[in-house]
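I have placed the structure first, in the form of C-alpha cells, so that the comments after it can refer back to it.
Both counts, for ligands and for their atoms, begin at 1 and track the order of listing. In this text, all values refer to a predicted model and were calculated from it rather than measured experimentally.
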Amino acid sequence: MATDGNEMGRNTRLAHSGNNPHDYFGFVNPPIVHASTVLYPNASAMAARSQKYTYGTRGTPTTDALAHAIDALEGSAGTIIVPSGLAAVTVPLLAFLSAGDHILIVDSVYHPTRNFADTMLKRLGVEVEYYAPHAGASIASLIKPNTKVVFTESPASNTFEVQDVPAIAKAAHETGAIVMMDNTWATPLYFRPLDHGVDISIHAATKYPAGHSDVLLGTVSANANCWKQLCETFYTMGCCAGPDDVYQVLRGLRTMGVRLDHHQKSALAIAVWLEGQPGVARVLHPALPSHPDHAVWKRDFSGSSGIFSIVLKGGGQRQQHAFLDALKIFGLGYSWGGYESLAVPVFLGDRTVAKGPYDGPLIRLQIGLEDVEDLKADILRGLEAAAAA
Ligand SMILES: Cc1ncc(COP(=O)(O)O)c(C=O)c1O
C-alpha cells in the first residue's frame, strides 16, 4: 500500500495546519475576514501595493489559512480557493488553454467537466479529445504537438476505473503538456497527485473537506512550475470564494481524517457484503481485490473513500428506479462526501469509450456515517424491490 508521502500522522497534520493561533492573540481558529477594501498607510505603499493584503479578491487571512492547510496536504507550491468544485475544474483549464491547443480528457470524467469542454472550450477554439481510462502509457499515441493539457480523474466518476497516473504524467511531460487531476474521490489524504507527476490537483472541497452537505467550494493546487500562471488567472477572473464558506471548509478539514476513516470502513464493509448478494452482478470499488484495477489502486493510493457503484444483475431503468424508490435511509440526491448516505442512478450516455458493457443498470452509493447494519437493511429493501420490478 502506498504511503501518503509525509512522516507526520494525517490527523495531527489536519489538526494543526493552515494557521498559527499566536498570529491572532492565541485564538485557536483564524478570523473570518469579510473584506473588499484593505487600507494602505500612505500613497507610496498604495502605488506600489507593497503590503501582504491588497484587496479582498486577492486573499485574506481566512483564505490563506485554508490554502496553506491544503498546500501542506498536497505538497503544492500554492493553492487557489474558488466558489465550487466545478470552478476548480474550469479555472485551471482557462489558465492553461488557448485557441488552437489540444486537450486530452479521460472519457469517464465528471459530466459537468465534459460539458464545459464540449461547450466553452470548443467555442474558444480548443480541440477536445477523450481517452480511455485504461490508456496508461499508450496515451503517448494520442498526444499531438499542440496537446497542452491532459485532464485525469481517478478513480473514474461513477464507474471507478483507476488510471495509471504516473505513466500518463510521464508521457505528457515528454512533449511538455501539463497534467491536471480531479482528486476529489481520494482527497489528499489517500492520494497526493503531485507526488505521482501531476502538475495541478483539483478538489471539490464541497465533498469530504466540507463534509456536511452545506457548503460549495473548490481548491486548485499547483506545483512550482504552474503556480504563477494559475494564480494570475485566478486574480484576472475574480473568481474568489466567500469567507464563511472558506472558514467552514477549514473547520471541516480538522475532522476529515476521522470522518474518512469511518466512510472508508463502512463503504468497504458494505461493498464486500454486496458482492455476495444475488441481485448484484458487480461491485465497482477499487479497494476490492476483485476490482480489475485493484493492483494500480494499491500501488498508488493509501486509502479509499465512501463512494462506489453497483451493477444490478440484469434489468434496466425499471429495476434501477424500483431500487432507488424503495430506499428509506439513502437520500436520492447529487453530490457526496457529507455525513448522510445518498444514491443516484448512473447515466453513461455521454461516454464515447468507457461505456461498458455492464450486465445491468448502475447505481452509485455514497456511504455516510450512519450505522452499517441500518444501511445494509436499506440496500436489501432496494434489491428486493429491483428483483420484484
Ligand atoms: C469528481 C467531481 N468533481 C467536481 C465536482 C464538482 O463539485 P461542486 O459540486 O462543488 O461544483 C463533483 C461534484 O459532484 C465531482 O463529483
Side-chain angles (χ1 to χ4, degrees), residues 66 70 74 79-94 105-120 130 133 151-163 165 180-191 193 198 200-221 237 239-242 244-246 248-249 252-253 256 260 263 267 284-286 301 304-309 331-338 340-348 350-351 354 362-368:
L66 179 60
I70 301 284
E74 293 276 355
T79 291
I80 61 168
I81 300 169
V82 292
S84 69
L86 184 55
V89 169
T90 59
V91 170
L93 289 174
L94 291 173
I105 304 178
V106 66
D107 193 43
S108 49
V109 78
Y110 171 59
H111 176 76
T113 301
R114 181 183 211 108
N115 181 52
F116 177 77
D118 288 346
T119 55
M120 188 85 77
Y130 294 94
F151 191 100
T152 69
E153 181 185 330
S154 182
S157 257
N158 298 326
T159 47
F160 300 93
E161 296 92 337
V162 183
Q163 294 185 59
V165 172
M180 300 182 186
M181 175 169 177
D182 184 331
N183 188 37
T184 303
W185 182 86
T187 83
L189 293 192
Y190 293 159
F191 185 78
V198 170
I200 295 198
S201 173
I202 291 163
H203 287 276
T206 307
K207 317 300 180 199
Y208 294 111
H212 293 74
S213 306
D214 53 359
V215 177
L216 288 160
L217 208 79
T219 65
V220 190
S221 303
M237 293 182 69
C239 195
C240 55
D244 296 301
D245 294 341
V246 174
Q248 288 290 3
V249 170
L253 271 193
M256 186 172 79
L260 263 177
H263 285 293
L284 309 178
H285 188 315
F301 288 70
S304 59
S305 62
I307 181 169
F308 64 92
S309 289
L332 307 189
Y334 293 103
S335 202
W336 43 283
E340 82 290 19
S341 291
L342 296 169
V344 294
V346 171
F347 169 74
L348 297 176
D350 60 340
R351 305 246 176 126
L362 274 70
I363 291 162
R364 192 186 76 188
L365 299 173
Q366 123 88 9
I367 305 301

Suppose I only count heavy atoms of [X] and a 4.0 Å limit; which atoms of ligand 1 are within that range?
X: Trp336; value: 14 (O), 16 (O)
X: Ala204; value: 4 (C), 5 (C), 6 (C), 7 (O)
X: Thr206; value: 8 (P), 10 (O)
X: Leu216; value: 9 (O), 10 (O)
X: Glu153; value: 1 (C)
X: Leu86; value: 6 (C), 7 (O), 8 (P), 11 (O)

_For Asp182, which part has a heavy atom under 4.0 Å from ligand 1: side chain, backbone, both, or neither?_
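Near ligand 1, Asp182 shows its side chain, while the N, CA, C and O stay back.
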*For atom 8 (P) of ligand 1, what's the nearest protein heavy atom and its distance?*
Gly85 N, 3.4 Å
*atom 9 (O) of ligand 1: nearest protein contact (heavy atom, Å)*: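 For atom 9 (O) of ligand 1, the nearest protein heavy atom comes out as Lys207 NZ, 3.3 Å.
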Whether the side chain of [X] engages the backbone of [Y] through a donor-acceptor N/O pair (distance < 3.5 Å, no angle test) should be reported.
X: Tyr208; Y: Gly306; answer: yes
X: Ser201; Y: Ser221; answer: no
X: Gln163; Y: Thr152; answer: no
X: Gln248; Y: Ala210; answer: no
X: Thr184; Y: Ala204; answer: yes

*Non-hydrogen atom of Tyr334 closer than 4.0 Å to ligand 1*: no
*Given Ser304 and Trp185, is the side chain to side chain contact (heavy atoms under 4.5 Å, CB included) satisfied, shown in steps?*
CA-CA 8 Å; Ser304 59; Trp185 182 86; 3.5 Å; yes
*Can you name the one residue among Thr219, Ile70, Val249 that meets side-chain contact (heavy atoms from CB on, under 4.5 Å) with Pro209?*
Val249
